[in-house]
Asker: 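The following block contains the structure, expressed as C-alpha cells.
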Amino acid sequence: MRYRRFRRKDDEKFEKFFFYLFLFLLLVWVSGYFFNRGEHVAATVPKIDNIYYGISIQVLNGCGVKGVSQAFAEMLRAGGFTVDYFGNASSMDYPETILLDRKGNRAKALLITNFLGLDSLDVIIQRASEFVYTDFVLIIGRDYKRYLKKEGV
C-alpha cells in the first residue's frame, strides 16, 4: 500500500511564503543597519540650574496645625527641592522646627537651613541605613510661622 500525501501543493506554497517572508525581513534588517550608520541620536540631558535639585526631603507636621506640612512641602517644591512625602509626625508637641540629616551631608543641610531661614544648630545628624531614600526629614514645630514664607496659614 502506498501512502499518498494530500495537499502537497498547498504545503509548498506555505513553505515558499515563509521563506520569502524571512528573506524580506532579513533584507529590511540589513538595509536598516547600513542606511542608518551615519545618523546618531543625541541623548537629551536636562539642564539643571537649580542648586537645590536632587535634595530629597520628607516634611512632617509636629505642631498639630492642620495643613502646615502641605504648605511647607509646596514652598520647598517651588524652591526646587524634591519632597518625597508630607504628613504628620508621630508626636504633635515639637516646640521648635528641626531638620534631621539622614545621610550626613552637611553642605546640603546648610542649603536647606539657608532656604528656610532655620538656624544651623537645629540640624540633627541622624544617620540611617545607606538604603534610606530620603536625605532629610523636616519636622515642623510650633514656631512654624517664622519659617513659612507663604501667606494664609
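Owing to the predicted nature of the structure, the values given are computational and were not obtained by experimental measurement.
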Asker: So, do Val59 and Leu76 sit near enough that their side-chain heavy atoms are less than 4.5 Å apart?
Answerer: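 Yes - at least one pair of side-chain heavy atoms lies under 4.5 Å apart.
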Asker: Would you please indicate yes or no on a ring centroid separation below 6.0 angstrom for Phe136 and Phe81?
Answerer: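 Ring centroids of Phe81 and Phe136 are no less than 6.0 Å from each other.
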Asker: Going hydrophobic residue to hydrophobic residue with side-chain gaps under 4.5 angstrom, can you get from Phe24 over to Phe19?
Answerer: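 Unlinked, Phe24 and Phe19 end up in two clusters.
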Asker: Taking all non-hydrogen atoms of both residues, which atom of Gly54 and which atom of Asp135 are closest, and how far apart?
Answerer: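 The pair with the smallest heavy-atom distance is O-OD2, 3.5 Å.
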Asker: Could you grab the distance from atom CG of Asp101 to atom NZ of Lys108, nearest 0.5 Å is fine?
Answerer: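 Here the rounded value is 9.5 Å.
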Asker: Please enumerate all residues that pass side-chain hydrogen bond (donor to acceptor under 3.5 Å, both in side chains) together with Ser91, with sequence neighbours excluded.
Answerer: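 Partners of Ser91 by the side-chain hydrogen bond (donor to acceptor under 3.5 Å, both in side chains) criterion, ordered by chain and then number, come out as Asp93.
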Asker: What's the separation between atom CD in Glu96 and atom SG in Cys63, rounded to the nearest 0.5 Å?
Answerer: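 Between Glu96 CD and Cys63 SG, I get 13.0 Å after rounding to 0.5 Å.
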Asker: At what distance, to the nearest 0.5 angstrom, does OG1 of Thr113 lie from CG of Leu111?
Answerer: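 Nearest 0.5 Å value for the OG1-CG distance: 7.5 Å.
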Asker: Using side-chain heavy atoms (C-beta onward) and a distance below 4.5 Å, is Tyr85 in contact with Thr134?
Answerer: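 Answer no - side chains too far apart.
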Asker: Is it the case that one hydrophobic cluster holds both Val28 and Phe17, taking links as side-chain heavy atoms less than 4.5 Å apart, direct or via other members?
Answerer: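 Same cluster.
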Asker: So Leu99 and Ile112, do their side chains get closer than 4.5 Å, heavy atoms only?
Answerer: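 Sidechains of Leu99 and Ile112: in contact.
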Asker: Got Leu100 and Gln58 here, is their nearest side-chain heavy-atom distance under 4.5 Å?
Answerer: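 No. Closest side-chain heavy atoms not under 4.5 Å.
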Asker: Given side chains that start at C-beta, do those of Leu26 and Trp29 come closer than 4.5 Å, heavy atoms only?
Answerer: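 A side-chain contact exists here, since the closest heavy-atom pair is under 4.5 Å.
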Asker: Considering non-hydrogen atoms only, spot the tightest contact between Tyr94 and Ala89 and give its length.
Answerer: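 Taking every non-hydrogen atom into account, CE1-CB, 4.2 Å.
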Asker: Nearest 0.5 Å please: distance from the CG atom of Asn88 over to the CD1 atom of Ile140.
Answerer: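 Atom-to-atom, Asn88:CG and Ile140:CD1 are 10.0 Å apart.
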Asker: Any chance you could measure Lys103, atom NZ, to Ile55, atom CD1, to the nearest 0.5 Å?
Answerer: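 Lys103 NZ to Ile55 CD1: 11.5 Å, rounded to 0.5 Å.
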Asker: Between Gly117 and Tyr147, which heavy-atom pair has the shortest distance, and what is it?
Answerer: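 Closest approach of Gly117 to Tyr147: O-CE2, 3.5 Å.
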Asker: Drop me the distance from Leu60's CG to Ile139's CD1, to the nearest 0.5 angstrom.
Answerer: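 Result: 5.5 Å between the selected atoms.
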Asker: Quick check against the 3.5 Å criterion: does Arg102 have a side-chain atom that pairs as donor or acceptor with the backbone of Val137?
Answerer: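 Side chain of Arg102 to backbone of Val137, a donor-acceptor pair under 3.5 Å: no, none is there.
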Asker: Do the side chains of Leu116 and Phe72 get nearer than 4.5 Å, heavy atoms only?
Answerer: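 A side-chain contact under 4.5 Å exists here.
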